[in-house]
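See below for the structure under consideration.
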2 protein chains.
Amino acid sequence: MSNNQFKKGELYSFITGKASTAIGRRLQKNFKQANIEITIEQWSVLYHLWKVDGMSQQQLCDATFRDKPSITRLVDNLEKLKLVKRNASKEDRRKNLIVLSPVGKELEERCMEIANITLNEALQGVTNGQIEIAKEVLQMVYDNLK
Amino acid sequence: MSNNQFKKGELYSFITGKASTAIGRRLQKNFKQANIEITIEQWSVLYHLWKVDGMSQQQLCDATFRDKPSITRLVDNLEKLKLVKRNASKEDRRKNLIVLSPVGKELEERCMEIANITLNEALQGVTNGQIEIAKEVLQMVYDNLK
DNA sequence: GACATATAGTTGTTTATGCAACTAAACAAA
DNA sequence: TTTGTTTAGTTGCATAAACAACTATATGTC
């Protein structure tokens, strides 16, 4: 690959990721309009718990690509909102298993509907083929750097 | 476009933008290794000042896709680091013109070299054609939501 | 000129990230 | 069993983002 493939202006937009910031802001706004008072960061944790309830904090770190302090504090805030609860693991007393409350479980359907709507807004006019390639590139970038 | 084009797992990674986060972290790390003690957010402001010195804070907001309080505080921190200075505009006394200090100017060459190296690390194995399509998709997402 | 409105920037609050230093439990080896 | 190491999670600190409320200057209209 050539060293000169990027003009400076292109470099900037690729690094700063303004598209994902824009999606995040729109999703947040759409949650708010639906009277769902959670942040997109909290959503990204709940998202994984809706798939597999009772994950440990370390598993949430791996799933969400966050470090341990970030997850500690996101779980703190989700607990304050009564959406999850920390249960000490009986097999390994170092572990907290994070379980959804009934209210936390109920949020899934509405949140996922809004997330799908948001994504369709974001991807208007983009073809499936283009999306596939964009996803591949982003995955390769991630793999190159992790 | 179909409403069902995204399986949930794909939706998540597209929204959360882990690739741009990974590039940002790597750039930060590469700055640190080169003993350049600025954050990537500070870099993204300097980047525009290197192109056009003396921009107003509002112009920096538009260029970096940040709101006004964010720019106020980034400029505060850049001033603390003696990399820029706020100069009151003589034509319009509401405006601060942000000008680079000599030290701020000197940083450009080393920073841009590191940014280019980081981007080449990130894009190993990705073809120019794929990059073009990824950039188009990200631009369309941004335009759809702004 | 006086008043309403728009623009530029600041401050306060809450939430989140990155890093380093820390505690506690589990495990492994002697 | 004692010692050392790894793993899980927490806490402190600095930086940053989003949002709302605010001040001050500029501008448009009557």
Side-chain angles (χ1 to χ4, degrees), chain A residues 16-18 20-33 37-46 55-81 83-84 86-98 145, chain B residues 16-18 20-33 37-46 54-81 83-84 86-98:
Chain A
T16 54
K18 58 183 178 164
S20 62
T21 307
I23 294 189
R25 269 200 294 250
R26 178 62 61 92
L27 182 58
Q28 182 81 71
K29 191 177 150 193
N30 289 349
F31 278 156
K32 195 164 191 177
Q33 276 182 354
E37 295 294 333
I38 60 173
T39 66
I40 49 165
E41 291 83 4
Q42 292 165 358
W43 168 80
S44 76
V45 171
L46 292 174
M55 293 173 83
S56 71
Q57 293 189 197
Q58 183 58 52
Q59 288 175 312
L60 286 173
C61 292
D62 297 336
T64 64
F65 312 101
R66 289 186 171 84
D67 66 1
K68 290 192 289 182
S70 295
I71 289 296
T72 293
R73 281 146 181 157
L74 282 171
V75 172
D76 286 349
N77 286 333
L78 288 169
E79 258 193 331
K80 274 186 216 156
L81 295 169
L83 298 176
V84 306
R86 280 180 169 93
N87 282 353
S89 164
K90 286 170 187 170
E91 295 84 47
D92 185 340
R93 280 161 41 204
R94 292 171 304 180
K95 286 186 184 173
N96 293 332
L97 306 182
I98 313 304
L145 298 181
Chain B
T16 55
K18 58 183 180 165
S20 62
T21 307
I23 295 189
R25 268 200 295 251
R26 177 62 61 92
L27 182 58
Q28 182 81 71
K29 191 177 150 191
N30 289 349
F31 279 155
K32 194 165 191 178
Q33 276 183 355
E37 295 295 333
I38 60 172
T39 66
I40 48 165
E41 290 85 5
Q42 291 165 1
W43 168 80
S44 76
V45 172
L46 292 174
M55 293 173 84
S56 71
Q57 294 189 196
Q58 183 58 53
Q59 287 175 312
L60 287 172
C61 292
D62 297 337
T64 64
F65 312 100
R66 289 185 170 83
D67 67 1
K68 289 191 290 181
S70 296
I71 289 296
T72 292
R73 278 144 182 158
L74 282 171
V75 172
D76 286 348
N77 286 333
L78 288 169
E79 258 193 331
K80 275 186 215 157
L81 294 169
L83 299 176
V84 306
R86 281 179 168 96
N87 282 354
S89 164
K90 287 171 187 170
E91 293 84 46
D92 185 340
R93 279 161 45 206
R94 293 171 304 179
K95 287 187 184 171
N96 292 331
L97 305 182
I98 312 303

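The chains referred to below are lettered A, B, ... by the order of the sequence lines, with proteins before strands, and numbering in each begins at 1. Quantities reported herein were computed from a predicted structural model and do not represent experimental measurements.
- Across all strands shown, B/Thr39 has heavy atoms under 4.0 Å from sugar-phosphate atoms exclusively, and none from any base.
- Across the protein-nucleic acid pair, B/Glu41 atom CD and C/dC19 atom P stand 11 Å apart, rounded to whole Å.
- Between A/Arg93 and C/dC27 there is no side-chain N or O to OP1 or OP2 distance below 4.0 Å.
- Here A/Arg73 lies in heavy-atom contact (under 4.0 Å) with a base.
- Across all strands, B/Gln28 comes closer than 4.0 Å to no nucleic acid atom at all (heavy-atom distances).
- Side-chain N or O atoms of B/Gln33 include none that pairs as donor or acceptor with a backbone N or O of B/Gln28 at under 3.5 Å.
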Would you sort out whether A/Gln42 and A/Leu81 count as a side-chain contact (heavy atoms from CB on, under 4.5 Å), showing the intermediate values? CA-CA 10 Å; A/Gln42 292 165 358; A/Leu81 295 169; 3.5 Å; yes
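- The distance between atom CD1 of A/Ile40 and atom C1' of D/dA16, rounded to the nearest whole Å, is 14 Å.
- Positionally, the nearest nucleotide of DNA chain D for B/Leu74 lies more toward the 5' end than for the other of B/Leu74 and A/Lys32.
- Distances from the side chain of A/Gln58 to the nucleotides D/dA8, D/dA17, C/dA8 place D/dA8 closest.
- Closest to the side chain of A/Asp92, from the set C/dA25, D/dT10, C/dG9, is C/dA25.
- Rounded to whole Å, the distance from CD on B/Gln57 to P on D/dT23 is 19 Å.
- In the interface, the side chain of A/Arg94 is paired with the base of D/dT7 through a donor and an acceptor atom under 3.5 Å apart.
- Separating the CG atom of B/Asp62 from the P atom of C/dT7 is a distance of 12 Å, rounded to the nearest angstrom.
- Going from atom CD of B/Glu91 over to atom P of D/dA26 covers 11 Å, rounded to whole Å.
- Remark: C1' of D/dT6 and NZ of A/Lys95 are 13 Å apart, rounded to the nearest angstrom.
- Contact check for B/Ile23 versus B/Arg26: no side-chain heavy atoms found under the 4.5 Å cut-off.
- Contact check, A/Asn77 against C/dA16: a side-chain N or O comes under 4.0 Å of OP1 or OP2.
- Projected onto DNA chain C by closest heavy-atom contact, B/Thr72 and A/Gln42 fall at different nucleotides, the more 5' of which corresponds to B/Thr72.
- Residue A/Gly24 comes nearest to A/Ile40 through the heavy atom pair O-CG2, 3.5 Å, listed as atom of the first residue, atom of the second, then distance.
- Applying side chain to side chain contact (heavy atoms under 4.5 Å, CB included) to A/Leu46 and the options A/Val84, A/Leu74, A/Ile98 leaves one that passes, A/Val84.
- Residues from residues 64-71 of chain A with heavy atoms under 4.0 angstrom of DNA chain D, sorted by number: A/Lys68, A/Pro69.
- Closest of all the heavy-atom pairs between B/Ser44 and B/Thr64 is O-CG2, 3.8 Å.
- The CD1 atom of B/Ile38 sits 10 Å away from the P atom of D/dA16 (whole-angstrom rounding).
- A straight line from CZ of A/Arg26 to P of D/dA17 spans 20 Å, rounded to a whole angstrom.
- Using a 4.0 Å cut-off between charged side-chain N and carboxylate O, A/Arg86 and A/Asp76 make a salt bridge.
- How far CZ of B/Arg25 is from CG of B/Leu27: 12.5 Å, rounded to the nearest 0.5 Å.
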